[in-house]
Amino acid sequence: GDAVPAAQRSSWTSFLKSIASFSGDLSSMTAPPFILSPVSLTEFPAYWCERPELFSAIADQKTDEDRVLAVLKWFISTLKGQYTSRNESMGSEKKPLNPVLGELFYGVWPDRNGRGETKLLVEQVSHHPPITAYVIENESKGVKLVGHNAQKTSFSGGSIIVKQIGHAILNVKTPSGVTEEYLITLPRLRIDGLWYGSPYIELAETSYIVSQKYVCTIEYKGKGYFSGKSHSFKATLTPAPGASGKDHVVEGLWHTTSKYSSGPRSGKDFHDVNGPKEEVKAVGGESSGEMGDFETRKLWSLVAKGIREGDFETASKEKSKIENEQRQRRRDEAAAGTTWQLKHFTHIESDPIYQRLSPLAKITPPTEDYYVFQDNWPPVSQ
Ligand code: 0T9
């Protein structure tokens with residue numbers, strides 16, 4: 001079936017043509033109304049923690065091996081939300097709102113059953129190209145994820161290919177009091193179904209989870225590979241060069257179930273993603289607990305309302321207001337010889353942890369930039 005409303009057919013076709021002839025920043029392109037999402041990309045980092053108990057459980061594991069397996073389980077559990085949830089909530093993948101420089105999102109997953117409270121902080125650290133930096137932290141357990149992401153897009157064989165740029169560092173305080181570091185890289189995306197106006201994501205190629213003790217290589221395949229099914233993955237865990245431990249292989253589908261397929265637990269279940277998930281509770285970051293003007297749900301509220309209610313005229317008028325206001329700010333800064341100051345992060349050209357861990361899995365490039373969190377949480381606790 002065709003999901004494109006008849007009245008938007010020609011604007012969808014010309015949108016696809018412009019994607020095909022242009023590679024770069026898709027997020028800034030104007031798309032027809034039916035494909036617009038009312039949610040900004042600054043909300044996406046919340047997908048990293050929709051199962052907060054899997055995140056906190058990492059710190060409870062007593063051995064290197066059990067911890068890396070817990071990291072893998074948590075990582076795999078996030079993929080369904082990250083890459084298929086818009087299809088479930090909105091019928092297809094949609095074009096997210098393109099965040100402004102300095103846009104913020106704060107949230108919390110409250111303590112429940114002793115898992116501790118987990119907090120979320122997101123800041124748009126670049127507009128052109130769009131780069132989003134985030135922190136997710138469970139302080140009581142000693143688990144903290146700090147990362148950033150950007151995308152490079154191209155068009156091939158009717159699909160959009162998205163290379164994810166950026167990485168995340170997961171810090172885990174072990175039961176013996178040592179802090180471990182895990183480097184997490186991100187898979188490549190293919191966006192299919194464009195012609196019919198019902199885009200969906202398939203993951204491709206390889207991503208890594210690397211620590212000083214273990215290297216985990218995750219391969220992604222769609223229909224017709226490995227098992228022949230969509231959303232397939234195969235994760236191979238081996239001790240890092242110089243470390244000891246057992247090898248494990250886990251195989252399955254990242255949106256449903258997976259099993260150990262080799263190693264001491266071969267044949268046993270690994271994970272079932274179909275359990276309950278928990279959306280983040282959005283909270284205001286002002287000292288009053290209110291949302292500030294740069295907090296995503298306040299900033300985009302009228303645009304989002306327009307999109308939700310099918311009032312695209314208002315949506316586009318309100319979107320232009322925000323964009324004009326941004327342009328004016330940039331002009332004022334240029335005139336005053338100042339630049340926008342980030343609130344929660346500082347940029348470094350080369351991340352020493354990435355530089356140390358990436359060679360263990362022969363990850364390229366050998367060095368990558370990073371946004372260091374300033375440890376300045378606003379009062380988001382519940
Ligand atoms: C990080 C995620 C990322 C962001 C989105 C490619 C994409 C923007 C980036 C990579 C998250 O952890 C995971 C999931 C979905 C990704 C988005 C899917 C998407 O289509 C957009 C791009 C910019 C578009 O909007 C393309 C045009 C659109 C009409 C296709 C639906």
Side-chain angles (χ1 to χ4, degrees), residues 3-5 8 11-20 22-50 74-99 103 105 120 122-136 145-156 158-168 184-205 207 220 231 254-255 280 296 307:
V4 186
Q8 294 176 43
S11 85
W12 181 240
T13 311
S14 55
F15 176 73
L16 293 181
K17 279 190 190 141
S18 49
I19 299 180
F22 154 107
S23 65
D25 184 2
L26 287 184
S27 46
S28 63
M29 286 177 46
T30 306
F34 83 92
I35 205 74
L36 302 179
S37 155
V39 179
S40 160
L41 266 187
T42 53
E43 296 210 22
F44 283 43
Y47 291 127
W48 284 112
C49 206
E50 290 188 325
W74 155 74
F75 177 85
I76 295 297
S77 81
T78 73
L79 301 179
K80 183 183 179 194
Q82 307 254 27
Y83 302 111
T84 73
S85 62
R86 278 84 52 200
N87 295 70
E88 280 164 28
S89 62
M90 302 189 268
S92 81
E93 190 60 54
K94 301 263 167 164
K95 188 174 186 293
L97 296 170
N98 187 21
E103 188 171 317
F105 184 50
L120 167 73
V122 185
E123 180 171 7
Q124 189 69 12
V125 293
S126 169
H127 175 68
H128 213 89
I131 307 176
T132 309
Y134 55 88
V135 190
I136 294 173
L145 180 76
V146 180
H148 68 280
N149 59 267
Q151 299 87 37
K152 270 218 168 75
T153 51
S154 57
F155 198 75
S156 165
S159 308
I160 299 173
I161 311 293
V162 182
K163 182 181 183 213
Q164 297 204 67
I165 318 281
H167 64 275
I184 296 174
T185 70
L186 306 161
R188 214 165 267 222
L189 279 60
R190 234 185 109 92
I191 306 176
D192 288 321
L194 288 167
W195 183 250
Y196 301 103
S198 41
Y200 61 92
I201 291 175
E202 184 55 277
L203 299 180
E205 305 199 15
S207 77
Y220 304 87
H231 305 339
W254 49 257
H255 66 310
V280 73
T296 186
I307 294 173

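Only heavy atoms go into these numbers, but all of them, side chains included; no hydrogens, no water, no symmetry mates. Atoms within a ligand are numbered from 1 in the order they appear, just like the ligands themselves. Given the structure is predicted, the values throughout are model-derived calculations rather than measurements.
Annotation: Gln82 places an N or O atom under 3.5 Å from an N or O atom of ligand 1; distance criterion only.
Nearest to atom 10 (C) of ligand 1 among the protein's heavy atoms is Gln164 OE1, 3.5 Å. Ranking the protein heavy atoms by distance from atom 16 (C) of ligand 1 puts Leu189 CD2, 4.0 Å first. For atom 17 (C) of ligand 1, the closest non-hydrogen atom of the protein is Glu93 OE2, 4.4 Å. When only non-hydrogen protein atoms are considered, atom 20 (O) of ligand 1 lies nearest to Ile191 CD1, 3.3 Å. For atom 6 (C) of ligand 1, the nearest non-hydrogen atom of the protein is Val162 CG2, 3.8 Å. At the top of the distance list for atom 1 (C) of ligand 1, counting protein heavy atoms only, stands Asn149 ND2, 3.5 Å. Nearest non-hydrogen protein atom to atom 26 (C) of ligand 1 is Leu26 CD1, 3.9 Å. Pro96 CD, 4.0 Å is the protein heavy atom nearest to atom 21 (C) of ligand 1.
Short contacts between ligand 1 and Pro199, defined as distances under 4.0 Å to a heavy atom of the residue, involve ligand atoms 31 (C). Short contacts between ligand 1 and Phe15, defined as distances under 4.0 Å to a heavy atom of the residue, involve ligand atoms 29 (C).
Remark: aromatic rings of Trp254 and Tyr220 are distant, center separation not under 6.0 Å.
Between Trp48 and Phe75, the angle of the ring planes lies from 30° to 60°, which puts this pair in the tilted group.
For Gln124 and Thr42, the side-chain atoms include no donor-acceptor pair closer than 3.5 Å. For Ser159 and Asp192, the side-chain atoms include at least one donor-acceptor pair closer than 3.5 Å. Counted by atom type alone, Tyr47 and Ser85 present one or more donor-acceptor pairs between their side chains at under 3.5 Å. In this structure, a donor-acceptor pair under 3.5 Å is absent between the side chains of Thr296 and Glu43.
Taking a 4.0 Å cut-off on heavy atoms, Ile201 registers as neighbouring ligand 1.
The shortest side-chain heavy-atom distance between Asn149 and Phe44 does not fall under the 4.5 Å cut-off. Between Ser92 and Arg86 there is no side-chain heavy-atom pair separated by less than 4.5 Å.
Lys94 places a side-chain N or O within donor-acceptor distance of the main-chain N or O of Phe34, the cut-off being under 3.5 Å.
Contacts between Tyr47 and ligand 1, counted as non-hydrogen atom pairs separated by less than 4.0 Å, are absent for every part of the residue.
For atom 28 (C) of ligand 1, the choice among Lys95, Met29, Arg188, Arg86 with the nearest heavy atom turns out to be Lys95.
Atom 4 (C) of ligand 1 lies below 4.0 Å from at least one non-hydrogen atom of the protein.
Under a 4.0 Å N-O distance rule, the pair Glu202/Arg190 does not qualify as a salt bridge.
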